[in-house]
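Here, residue 1 is the first one in the sequence, and each next residue gets the next number. One-based numbering, in listed order, for ligands and for the atoms of each. Quick note: numbers below take in every heavy atom, side chains included, and nothing from hydrogens, waters or symmetry partners.
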Amino acid sequence: MSVTIRTLHKRKQDGEKFSVLTAYDACFSRLISDAGVDAILVGDSLGNVIQGQTSTVPVTLEQMAYHTECVARGNQGSLIIADVPFMGAATVERALETATALMQAGANMVKLEGSAWLADSIEILNRNGIPVCAHLGLTPQAVNALGGYRVQGKDDAGASELLEAAKTLDQAGAAMLLLECVPRELSARITREVSVPVIGIGAAPECDAQVLVMHDMLGISPGKPARFVKDFMAETGDIRAAFKAYDLAVKDGSFPADEHCF
Ligand SMILES: Nc1nc(=O)c2c([nH]1)NC[C@@H]1CN(c3ccc(C(=O)N[C@@H](CCC(=O)O)C(=O)O)cc3)CN21
Ligand SMILES: CC(C)C(=O)C(=O)O
Ligand SMILES: [Mg+2]
C-alpha cells in the first residue's frame with residue numbers, strides 16, 4: 001500500500017506521527033521505504049552529501065530531476081517529495097516549469113523554500129495537480145542572505161511573522177509545511193494552529209513528522225553535526241536497523257529529545 005497525501009493528512013487528524021528521511025539513489029530509497037519510513041525527501045542537501053559542496057546553492061534542476069528518477073525506481077511505496085532547487089520558484093512561471101520536471105521525474109510532491117510570498121505559486125501548482133510542501137524558518141538556499149545557518153523566529157517579531165506565514169500558506173493550499181531550526185514552543189504552536197501536517201527538523205517533537213538527512217542519522221557526514229542530528233547507526237550498528245530505529249523513535253515521540261531542539 002502506497003503512502004499518499006491523504007494518508008498523511010489522516011495521520012495528523014488521528015494524532016499519529018510519521019517519518020521522513022532523505023535519499024538520493026535507488027538503493028537507499030529501497031532500504032528506507034522497506035524500513036517503513038513514510039516519505040522520502042530528495043533533498044537539495046545532495047549538494048552537501050553527494051557533491052561535497054558547502055551549500056545547496058550550486059544544485060541544479062537537472063541534478064534534482066536525475067536523483068528524483070533514481071529514488072523513484074527504488075521506492076517501495078513511500079511518498080516522494082522533491083526539493084525545488086535554488087531560484088526554482090523565483091517567479092510563478094519558473095515554479096511551474098521546475099515542478100513539472102520534478103513531477104515527471106517521479107515526485108509526488110514538491111517542496112519550496114520561502115515564506116508567505118509562496119502563496120501565489122502554491123495556488124497555481126495546486127490548480128495543476130501538484131501538491132506543495134512549504135519550507136519555512138531556516139531556508140538553507142538563503143544562507144547568503146541569512147548570514148549563516150541560524151535558528152529563525154527567536155524574537156517576538158520574527159516569531160509572529162513565521163506564525164502568520166504558516167497560517168497564510170495553510171490557507172493558500174499548501175499540502176504540508178516544513179519547519180527548520182525554529183524554537184520548540186513556536187514550532188509546537190504552529191503545528192497546533194495549521195490544518196496540514198508539519199514536518200520538523202530542529203523544530204519540536206510536537207510536530208506531526210520529523211525529517212533528517214540520511215547521511216547525518218547514519219553518522220557519516222563530515223564535520224560537527226547540527227544540534228538536531230541524532231546518530232541512529234551508533235546504537236544499532238546496521239543501516240537497515242538504523243532506519244527502523246529512526247522510524248520507531250519518530251512514531252513513538254522519543255525523537256527529537258530536548259537536546260535536539262532549540
Ligand atoms: N548534511 C546535511 N544536513 C542538513 O541537515 C542540511 C544539509 N546537509 N544541507 C542543507 C541544509 C543546511 N542545514 C543546516 C546546516 C547547519 C545548521 C546549523 O549548524 N545550525 C546550528 C544552529 C545555530 C543557532 O543556534 O542559531 C546548530 O547548532 O545546529 C543547521 C541546518 C540543514 N541542511
Ligand atoms: C534538510 C531538509 C529539510 C532539506 O531540505 C534537504 O535535505 O535538502
Ligand atoms: Mg532542501
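- Close contacts between ligand 1 and Arg150 involve ligand atoms 26 (O) [criterion: under 4.0 Å to a heavy atom].
- For Lys154, no nitrogen or oxygen atom sits less than 3.5 Å from a nitrogen or oxygen atom of ligand 1, counting backbone and side chain alike.
- From the protein, the heavy atom lying nearest to atom 32 (C) of ligand 1 is Glu180 OE2, 2.9 Å.
- Atom 27 (C) of ligand 1 has its closest protein heavy atom at Arg227 N, 3.8 Å.
- Of the protein's heavy atoms, Tyr149 CB, 3.5 Å lies nearest to atom 17 (C) of ligand 1.
- Between Val59 and Gly47, the shortest heavy-atom contact is CG2-CA, 3.5 Å.
- Near Thr56, with a cut-off below 4.0 Å to any heavy atom, the atoms of ligand 1 are 10 (C).
- Residue-level proximity to ligand 1 for His215 is absent, since no heavy atom of it falls below 4.0 angstrom.
- For atom 9 (N) of ligand 1, the closest non-hydrogen atom of the protein is Asn48 OD1, 2.9 Å.
- Checked against the Mg ion (ligand 3), the N, O or S atom of Asp44 at the shortest distance is OD1.
- Val151 CG2, 3.5 Å is the protein heavy atom nearest to atom 25 (O) of ligand 1.
- Asp83 has its closest N, O or S atom to the Mg ion (ligand 3) at the position named OD2.
- Residue Asp216 has at least one N or O atom closer than 3.5 Å to an N or O atom of ligand 1.
- What you find for Ala134 and Ile122 is that their closest heavy atoms are CB-CD1, 4.3 Å.
- At a heavy-atom cutoff of 4.0 Å, ligand 1 is contacted by both the backbone and the side chain of Ala226.
- Geometrically, ligand 1 and Val213 share no nitrogen or oxygen pair separated by less than 3.5 Å.
- With a 4.0 Å cut-off on non-hydrogen atoms, Leu212 does not touch ligand 1 at all.
- Ring pair Phe243/Phe232: centre-to-centre distance not below 6.0 Å.
- By the 3.5 Å distance cut-off applied to N or O atoms, Ser45 is not counted among the residues near ligand 1.
- By the criterion of a heavy-atom distance under 4.0 Å, neither the backbone nor the side chain of Val143 is placed next to ligand 1.
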Please tabulate, line by line, the atom pairs linking an N/O of ligand 2 to a protein N/O at a distance below 3.5 Å, with the distance in Å to 0.1, or answer 'none'.
{"unit_1": "ligand 2", "atom_1": "5 (O)", "unit_2": "Asp83", "atom_2": "OD2", "d": "3.4"}
{"unit_1": "ligand 2", "atom_1": "5 (O)", "unit_2": "Lys111", "atom_2": "NZ", "d": "2.8"}
{"unit_1": "ligand 2", "atom_1": "7 (O)", "unit_2": "Ser45", "atom_2": "OG", "d": "2.6"}
{"unit_1": "ligand 2", "atom_1": "8 (O)", "unit_2": "Asp44", "atom_2": "N", "d": "3.2"}
{"unit_1": "ligand 2", "atom_1": "8 (O)", "unit_2": "Asp44", "atom_2": "OD1", "d": "2.8"}
{"unit_1": "ligand 2", "atom_1": "8 (O)", "unit_2": "Ser45", "atom_2": "N", "d": "3.0"}
{"unit_1": "ligand 2", "atom_1": "8 (O)", "unit_2": "Ser45", "atom_2": "OG", "d": "3.3"}
{"unit_1": "ligand 2", "atom_1": "8 (O)", "unit_2": "Asp83", "atom_2": "OD2", "d": "2.9"}

